[in-house]
Amino acid sequence: MREWLDVGLRQNPATAKVVTTRYGFRIRIRTTEDLIMRSLYTSGCWEPVVSAFIASRLKPGDGFLDIGANLGYYTAMASRLVGPDGVVVAIEPAPALHAELQANAALNQCENVRPVRAAVTTSPGEVVLYVPHKGNLGATTMVKPEQHESRLTVPGLPLADIVTTTELERARIIKVDVEGAEGMVLDSLAELLDLQRPDCEIVVEISPDRLAAGGRTVDEVLAPFLSHSLHPYRLVNSYMPEDYPTMLRRPPAPVRIRGPITAQTDVVLSPVNADVLPL
């Protein structure tokens with residue numbers, strides 16, 4: 001199944017198609033280009049457990065910050081869930097992905113979405129992004145890999161210069177998926193913790209190896225959040241196609257992390273103090 005997904009769909013592509021996801025919104029796909037698009041083509045979903053968690057939290061009128069919005073999957077999902085009285089800020093620096101994000105927002109008539117083309121940084125200035133390979137555009141990163149197919153320069157801004165106080169205060173979920181640059185984003189976000197609503201939860205992909213390449217540790221970047229009485233939970237997240245049916249049928253609830261994070265992990269930082277977070 002994995003060979004068919006990763007190789008077969010590139011050799012026998014479904015191009016210029018629109019798929020309807022399991023959450024009712026639509027996404028443009030070209031299966032030659034990206035793992036996310038191929039997963040949406042075959043299952044109508046991306047990251048089933050992360051999707052289920054976000055869908056379980058967002059309600060009409062809520063806010064959602066999508067930091068590293070990619071082609072706009074979570075942006076379109078959130079837009080539909082929070083409704084016309086809600087607000088979504090979608091932050092994506094890579095020009096090609098930002099164009100896809102805007103196209104998918106237009107496709108779904110997401111009038112409550114404000115797209116921003118910038119990287120979240122600790123201070124204003126240009127930053128370099130690296131594209132490791134075209135088969136997974138979501139792997140575009142500020143951390144220079146050993147090999148890369150292309151590089152591009154994009155504007156960088158602190159989060160406080162990107163989102164308004166109102167947008168931050170309304171955010172029920174803040175999602176961070178920035179491929180190793182999460183330390184910089186979390187540093188920027190930590191300065192704004194006092195402005196977040198009491199039930200705000202942060203969903204962040206943490207990559208210890210990439211943090212280490214930038215001279216950071218997991219404990220260091222999470223410390224301000226734990227000191228702010230947020231608690232870490234592990235979201236199960238497999239990219240193996242054979243795992244999708246089980247995750248779609250029975251997405252497991254996030255479980256409290258009580259030891260070190262040593263591998264790439266999707267983490268929920270929540271004010272809830274429990275062993276398991278309900279979905």
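Without hydrogens or angle criteria, T21 side chain to F25 main chain gives a donor-acceptor distance under 3.5 Å. N108 places a side-chain N or O within 3.5 Å of a backbone atom of R26 that can act as its donor or acceptor partner. A donor-acceptor contact shorter than 3.5 Å links the side chain of Y233 to the backbone of V272. Looking at N104, its side chain does come within 3.5 Å of a backbone N or O of E100 through a donor-acceptor pair. In this structure a side-chain-to-backbone donor-acceptor pair under 3.5 Å is present from R117 to P93. At least one donor-acceptor pair under 3.5 Å links the side chain of S43 to the backbone N or O of C45. Using a distance-only test at 3.5 Å, with no hydrogens or angles considered, no donor-acceptor pair links the side chain of S188 to the main chain of M184. Between the side chain of S56 and the backbone N or O of F53, at least one donor-acceptor pair lies under 3.5 Å. Between the T42 side chain and the S39 main chain, a donor and an acceptor come within less than 3.5 Å of each other. In this structure, R151 contributes its side chain and V128 its backbone to no donor-acceptor pair below 3.5 Å.
Residues forming a salt bridge (Lys or Arg N to Asp or Glu O under 4.0 Å) with E220 (at least two apart in sequence, or on another chain): R216. Listed by chain and residue number, nothing satisfies the salt bridge (Lys or Arg N to Asp or Glu O under 4.0 Å) test with D194 (two or more places apart in sequence, or in another chain). Remark: E167 pairs with R114 by the salt bridge (Lys or Arg N to Asp or Glu O under 4.0 Å) rule, at least two apart or across chains.
In this structure the side chain of P252 reaches within 4.5 angstrom of the side chain of V49, judged on heavy atoms. Contact of the I91 side chain with the I162 side chain is registered, since non-hydrogen atoms from C-beta on lie closer than 4.5 Å. Counting heavy atoms from C-beta outward, I36 and I29 have side chains that stay 4.5 Å or more apart. Put simply, the side chain of L58 reaches to within 4.5 Å of the side chain of I173, judged on heavy atoms. The shortest distance between side-chain heavy atoms of I202 and V268 does not fall below 4.5 Å. Inter-residue side-chain proximity for D219 and I261 is flagged as unmet; no heavy-atom pair is nearer than 4.5 Å. Here the side chains of I257 and V267 are in contact, with some heavy-atom distance below 4.5 Å.
Smallest separation of non-hydrogen atoms from A78 and F64: CB-CD2, 3.3 Å. Across all non-hydrogen atoms, the minimal contact from A263 to T265 is O-OG1, 2.7 Å. Residues Y244 and S238 approach most closely at CE1-O, 3.6 Å, considering heavy atoms.
Atom CD of Q109 has 12 or fewer neighbouring heavy atoms from other residues, nucleotides or ligands inside a 6.0 Å radius.
Sorted by first then second residue, the side chain to side chain donor-acceptor pair (under 3.5 Å) pairs that include residues 78-94, not counting sequence neighbours, are S79-N112. Among pairs with a residue in residues 221-231, those fulfilling side chain to side chain donor-acceptor pair (under 3.5 Å) read H231-R256, at least two apart in sequence or across chains. Applying the salt bridge (Lys or Arg N to Asp or Glu O under 4.0 Å) test to every pair with at least one member in residues 49-78, sequence neighbours left out, gives these pairs: R57-E201, D62-R197, D66-K175.
In this model, no donor atom of one side chain and acceptor atom of the other lie less than 3.5 Å apart for Y73 and E47.
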